[in-house]
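What follows is a set of notes on a single structure, which appears directly below.
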Amino acid sequence: MAASSLPLAIPAMRFDLVTLNLVLAIAETRSITAGAAREHLALAAASRRLSDIETRLGVKLFERRARGVEPTEAGHALVRHIRSLRASLHALESEVVEFSRGVKGHLRVAANAASIAETLPRDLAAFSRANAGVRVSLEDLSSAEVQQAVAEGRADVGIFVAPVRDGLDLAVHDYRRGRLAVLVPRAHPLGRRKAVRFEALLDHDIVGLPIGTSVHEAMLAHAERQGRMLRARLQVRGFDAIAQLVEAGLGVAVLPATVADRLARLFEVKVLGLDEPWAERQYLIAVRRQEVHPAAVQRFLDALCGPSAGAATSRNARQSPSGGSKS
């Protein structure tokens, strides 16, 4: 049986959640032994369950290798369906259970640090006021992690910086636009300017968020295009920490303009414009692509993107001029 026929075979068969969770655990740990342990199954029982499901499907789900197992094409397809099923079950359980507590839904939001610092708080507050019965949880992740969390059902909604990663079944909507700016000590030589090109920053140490964030990846890509090295000497978590390091004269920073303006009122730093096309950034909202969303998710999309958001299509091929995919 070809891997492409796997989704057609699933409705005709009965699958128990224990076996499906086992398949997912094996795929994620790349080990039958570790997968069995994660699901609290004896190794012999786990092997039997895996053999049974492979026999019923008529395909091998894993290739045995010297250092563990690797999902086959059919295995990857089944894992995608399992993750989708688990996300739907979680949405079902959380939404129904919350009703018994007087709550009308639970919304799990994953967002990158820049959107949390720049645009999201006011919108979250407005949404919470208008939907007092919906409990909102928020997790700070990189843009790449945000998209993965939504695709795997660990988050209901993701807010991040373009581009959209390939291969994820997401419906993506425009949210807000932002702009990057430069933060320098007030006595810094660049401080006499109102705006600078990125090239001017390459002669100085850079203070920023950790490797893998969208701003860092964008700077790294553009430095490489100019044949220069990015002197990213200091990487910390938190924009306040960045501002304090800049104030101390330990480097310059590139960060969201609204955040930079706010920090300039608290620290001895100056904000300069970043005169680059890629300084313009697009924030996006992603949800799993499906016909009907849980009520809390749909209300959130309507509030932040407008009622037409539910009809958006996947935009996995979209790319950003920044060259980064994380934030």
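Side chain of Glu247 to main chain of Glu268: a donor-acceptor pair is present (N/O by atom type, distance under 3.5 Å, no hydrogens or angles). A donor-acceptor contact shorter than 3.5 Å links the side chain of Arg186 to the backbone of Val269. With hydrogens and angles disregarded, a donor-acceptor distance shorter than 3.5 Å links the side chain of Gln282 to the backbone of Arg176. In this structure, the side chain of Ser47 engages the main chain of Leu43 through a donor-acceptor pair within 3.5 Å. Side chain of Thr19 to main chain of Arg49: no donor-acceptor pair is present (N/O by atom type, distance under 3.5 Å, no hydrogens or angles). When atom types are taken as modelled, the side chain of Thr213 and the backbone of Pro210 share a donor-acceptor pair closer than 3.5 angstrom. For Arg108 (side chain) and Gly153 (main-chain N/O), a donor-acceptor pair under 3.5 Å exists by modelled atom type.
Between Leu24 and Glu39, the closest side-chain pair of non-hydrogen atoms is not below 4.5 Å. In this structure the side chain of Gln148 reaches within 4.5 angstrom of the side chain of Leu168, judged on heavy atoms. Contact of the Leu190 side chain with the His204 side chain is registered, since non-hydrogen atoms from C-beta on lie closer than 4.5 Å. In this structure, Arg262 and Phe239 have side chains that are not in contact, with every pair of non-hydrogen atoms separated by 4.5 Å or more. Between Thr72 and Phe62 there is no side-chain heavy-atom pair separated by less than 4.5 Å. In this structure, Glu139 and Glu145 have side chains that are not in contact, with every pair of non-hydrogen atoms separated by 4.5 Å or more. Side-chain atoms of Phe127 and Leu107, non-hydrogen and from C-beta on, do get closer than 4.5 Å to each other. The shortest side-chain heavy-atom distance between Ile242 and Leu234 does not fall under the 4.5 Å cut-off.
Of all heavy-atom pairs between Arg193 and Leu272, the closest is O-CD2, 2.9 Å. The minimum heavy-atom distance between Val207 and Gly251, with the atom names listed, is CG2-CA, 3.8 Å. Nearest approach of Val136 to Ser128, heavy atoms of both residues: CG2-OG, 4.2 Å. Of all the heavy atoms in Leu180 and Pro256, the pair that sits closest is CD2-N, 3.9 Å. Heavy atoms only, all atoms of each residue included: Leu209 and Gly238 are closest at CD2-N, 3.7 Å. When every heavy atom of Val259 is checked against every heavy atom of Ala117, the shortest pair comes out as CG2-CB, 3.6 Å.
Summarising the geometry, atom CG belonging to Leu230 is positioned 10.0 Å from atom CG belonging to Asp205; distances are rounded to the nearest 0.5 Å. Atoms CG and CG, from Leu304 and Asp123 in turn, are 4.5 Å apart once rounded to the nearest 0.5 Å. Note that CD of Glu276 and NE2 of His222 are 7.5 Å apart. Values are rounded to the nearest 0.5 Å. In this structure, the separation between CG on Leu284 and OG on Ser115 is 10.5 Å, given to the nearest 0.5 Å. Going from atom CZ of Arg281 over to atom CZ of Arg179 covers 11.5 Å, rounded to the nearest 0.5 Å. Between the CZ atom of Arg197 and the CG atom of Leu274 there is a distance of 8.5 Å, given to the nearest 0.5 Å.
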Does the side-chain contact (heavy atoms from CB on, under 4.5 Å) test come out yes or no for Arg288 and Val150, once each step is laid out? CA-CA 6 Å; Arg288 289 176 58 248; Val150 174; 4.1 Å; yes

Using the rule given for side-chain contact (heavy atoms from CB on, under 4.5 Å), can you reason through Leu255 versus Leu263, listing the C-alpha separation, both sets of side-chain angles and the distance that settles it, and then say yes or no? CA-CA 11 Å; Leu255 66 170; Leu263 293 171; 3.7 Å; yes

Start with the C-alpha distance between Phe198 and Val182, add both sets of side-chain angles, then the distance that settles side-chain contact (heavy atoms from CB on, under 4.5 Å), and finish with yes or no. CA-CA 9 Å; Phe198 176 64; Val182 178; over 6 Å; no

Go through Leu201 and Val196 one step at a time and tell me if the side-chain contact (heavy atoms from CB on, under 4.5 Å) criterion holds. CA-CA 8 Å; Leu201 304 182; Val196 293; 4.1 Å; yes

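Between Glu28 and Arg38 there is a salt bridge, since at least one side-chain N of the basic residue sits less than 4.0 Å from a carboxylate O of the acidic one. We find that Asp275 and Lys194 are not joined by a salt bridge, their nearest charged nitrogen and carboxylate oxygen being 4.0 Å or further apart. Between Arg237 and Asp140, no side-chain nitrogen of the basic residue sits less than 4.0 Å from a carboxylate oxygen of the acidic one, so the salt-bridge criterion is not met. Using a 4.0 Å cut-off between charged nitrogen and carboxylate oxygen, Arg64 and Glu54 count as a salt-bridge pair.
In this structure, Glu70 places its CD atom where more than 12 heavy-atom neighbours from other residues, nucleotides or ligands lie under 6.0 Å away.
Side-chain atoms of Gln244 and Asp240 form no donor-acceptor pair, as typed in the model, at a separation below 3.5 Å.
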